[in-house]
Colleague: 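Starting off with a structure, shown below.
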Amino acid sequence: MSEDKRFEALGSDADTIVVIATSESMESPSNHYESWSEDIVFTTKGKSFRATINCSLHVYSGFEASLDAKKEITTAEYRRLAAGHEPEDVPAIRKRVKERASADAAASAAEAVRPNCPKCSKKMKVRTGNFPAFWGCSNYPKCDGTREKR
Ligand SMILES: [Zn+2]
């Protein structure tokens, strides 16, 4: 049994979901949150449908989907719309979330190694420009503390 919430939103007996378009994608990678809507075609009990579903993905609560609109179409129309599109599966979505989560873990690790300013003790930021990269105080221009970046 599929764990894809899209199947649940459509009724659990849908047997194929083909995503033909995705729109209004909204992302917040730092919080692992995404929401988007999918234009899909699917079959169930020998009938074909076209539908729009709203999806959201949050790393802590998982993948949710709800059905927005559904219209029965002919088998010929289904084949024409589905041609050239792969059905999207749950493992692909999970993999994307996992990659996001590990990118975020790497970002917080990088945050942890930021040194403190020798003058005011605030965290320092990497500064670049016409110089080799160096640490500059995050309180610049109020504080001009710097450190060499190894
Ligand atoms: Zn400082």
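Values below: every heavy atom of this structure, side chains too, minus hydrogens, waters and symmetry copies. In listed order, ligands and their atoms are each counted from 1.
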Colleague: For Cys137, is there any backbone N or O sitting under 3.5 Å from a side-chain donor or acceptor partner on Arg127?
Modeller: yes
Colleague: Shortest non-hydrogen contact from Val19 to Glu38?
Modeller: CG2-OE1, 3.7 Å
Colleague: When rounded to the nearest 0.5 angstrom, what distance separates OG1 in Thr146 from CD in Glu148?
Modeller: 9.0 Å
Colleague: Surrounding CZ of Arg79 (heavy atoms of other residues, nucleotides or ligands, distance under 6.0 Å), is the total greater than 12?
Modeller: no
Colleague: Would Ile20 and Val41 count as a side chain to side chain contact (heavy atoms under 4.5 Å, CB included) here? Give the steps.
Modeller: CA-CA 7 Å; Ile20 56 174; Val41 289; 4.1 Å; yes
Colleague: Within the side chain of Lys123, is there an N or O that forms a donor-acceptor pair under 3.5 Å with the backbone of Arg114?
Modeller: yes
Colleague: What protein N/O/S atoms are there under 2.8 Å from the Zn ion (ligand 1), waters excluded?
Modeller: Cys117 SG, Cys120 SG, Cys137 SG, Cys143 SG
